[in-house]
Amino acid sequence: MSGSRDRAKDFVVGDVDNRNQPSTVVIVGFSAAGLAVAETLRAEGFSGSLKIIGDEHDLPYDRPPLSKIGLVDGPLRSALALRPPEVIASLDAELHLGTRAVSLDIDHRSVGLASGLQVDFDSLVITTGVKPRSLPQLSTAANVHTLRNVEHADALHTALADVAESSGTALIIGAGVLGCEIAASARAIGVETLMVDPTTLPSARQFGPWIGERLVGLHEGMGVDLRLGAQVDKMVIENDLVTSVTLTSGETFDVALVVLAVGSTPNVEWLQSSGLGLSNGVDGNQWNEAAPQVYAAGDVASWVDRDGIRTRAEDKTHAIDQGRFVARRILGQPAPFERQGYFWSDQHGIRIQAVGECSGADEIEVIWSDPSRDRALVAYGSSGRLTGIAGWACPRQMLTVRRHMKFPANWDRALSELRQAIN
Ligand SMILES: Cc1cc2nc3c(=O)[nH]c(=O)nc-3n(C[C@H](O)[C@H](O)[C@H](O)COP(=O)(O)OP(=O)(O)OC[C@H]3O[C@@H](n4cnc5c(N)ncnc54)[C@H](O)[C@@H]3O)c2cc1C
């Protein structure tokens, strides 16, 4: 639910070509991006062999509900499925589920599986996503949770219900979007919730400072004990359980459960000896190609944007868009990848959305609001350019923004056009 941007040092410009269709495409990682690749290949007429490797046993499912309704009611697997089994079957793909890819031999065009099987490819798409960052000193503590998959959500839902019953406190480390959503879900089931973050505004990287300030009020109003500008300094671990924490502010709290929401790292260990560039996930070029006919898409993939910046994004809409793009590229599409950044979050019943880039702004302006219903649209920009727009509880207006806007845009002109479109 984040991402990163670095100036790309070395990237190879992919050929603009009309290549022959590969006879075998292998996809490693079966979730939002992997499914988008498979569906688009078939929809665009790819009739060759399709093989999909995924280390989870479930068919692709939706992760965003895991931190929202999935923690409040428990994750319902059938409701999370991205497609019914018959639609997956219609892809006519050879599925290797519950099995990890452990190696990639680019010269011999083969992926090695944990089972010992070798799967050969003409084109390969890597969509192995990310995993939660953890803290080594907490690896043995039984009441420390992270959240990435349905098993994690099951375990956290049960643990939060126990904490609510025993009137204990849940500590959430990290007030990014994931931490904030978990805090909101914990409060919804009556858990005393303490959230700690060294920054001063929650979720500001995705939604910008204006929304970050609103979120402080929202979380505090809903009973989250928010400690910003603070970090955990010391922890007491007894019988493999974290029982209390002392913050850098000097305050000490008894805790019954800890959730780490401190970011994620790309799943690239299995590629260490492949020769692929792995500086920021799998390093692709403007076409998401990391080596000839080896592509990456979704949370694990970095690519070079039109400003020459190596960029990686972690959000669902992006994973699907990039998966679709890569499928079309395999079939010969010449244009480079263009990200249409869009992100949403649900916290305490408020839908928050963002398009474009909302952090690092030197201009911030509320361009539409409805104070009686606590709704607003805010524009962020820098150097005279509009870079992003965030919405607080106004999905209809955000739909208009998404239809009208391409970022960056001239600040004055774009804001005047947007105001006309919205009012
Ligand atoms: C709790 C939660 C809430 C979220 N909320 C939002 C939200 O509100 N809005 C939003 O836009 N985004 C949200 N996201 C992010 C969104 O879910 C991801 O961006 C999206 O799932 C990325 O899809 P992906 O296919 O790239 O990777 P993933 O969904 O991570 O899938 C990668 C798959 O590859 C598998 N894999 C990894 N290594 C291997 C290997 N070696 N061999 C085989 N398989 C492997 C993984 O187990 C996984 O099944 C949320 C994510 C989480 C976890």
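Every number for a ligand or one of its atoms is a count from 1 in the order of the listing.
Proximity to Gly54 (heavy-atom distance under 4.0 Å) selects the following atoms of ligand 1: 43 (C), 44 (N). Taking every heavy atom of Gly298 and a limit of under 4.0 angstrom, the matching atoms of ligand 1 come to 26 (O). Taking every non-hydrogen atom of Arg100 and a distance limit under 4.0 Å, the qualifying atoms of ligand 1 come out as 38 (N), 41 (N), 42 (N). When each atom of ligand 1 is checked for a heavy atom of Trp270 under 4.0 Å away, the hits are 41 (N).
Looking only at atom types and distance, the side chain of Arg187 has no donor-acceptor partner in the side chain of Thr193 under 3.5 Å away.
Ligand 1 has a nitrogen or oxygen under 3.5 angstrom from a nitrogen or oxygen of Arg63. Checking only distances, Tyr342 never comes within under 3.5 Å of ligand 1, N or O to N or O. Checking only distances, Ala319 never comes within under 3.5 Å of ligand 1, N or O to N or O.
With a heavy-atom cut-off of 4.0 Å, Asp62 does not touch ligand 1 at all. With a heavy-atom cut-off of 4.0 Å, Glu56 touches ligand 1 through its side chain alone. Counting heavy atoms under 4.0 Å from ligand 1, residue Asn149 does not touch it at all. With a 4.0 Å heavy-atom cut-off, ligand 1 is reached by the backbone of Thr127 but not by any atom from C-beta on.
The side-chain heavy atoms of Arg339 and Asp315, taken from C-beta on, include a pair separated by under 4.5 Å. For the pair Val401/Leu418, a side-chain contact is recorded, criterion being any heavy-atom separation below 4.5 Å from C-beta on.
Here the side chain of Thr127 pairs a donor or acceptor atom with the backbone of Val28 at under 3.5 angstrom.
Residue nearest to atom 11 (O) of ligand 1, selected from Gln322, Lys316, Lys68: Lys316 (by heavy-atom distance).
A salt bridge is defined here as a Lys NZ or Arg NE, NH1 or NH2 lying under 4.0 Å from an Asp or Glu carboxylate O, and Arg351 with Glu181 fails to meet this definition. Ion pairing of Lys131 with Glu269 is present here, as a side-chain N (NZ or NE/NH1/NH2) and a carboxylate O approach within less than 4.0 Å. Ion pairing of Asp299 with Arg63 is absent here, as no side-chain N (NZ or NE/NH1/NH2) approaches a carboxylate O to less than 4.0 Å.
Aromatic pair His348/His219: centroids less than 6.0 angstrom apart.
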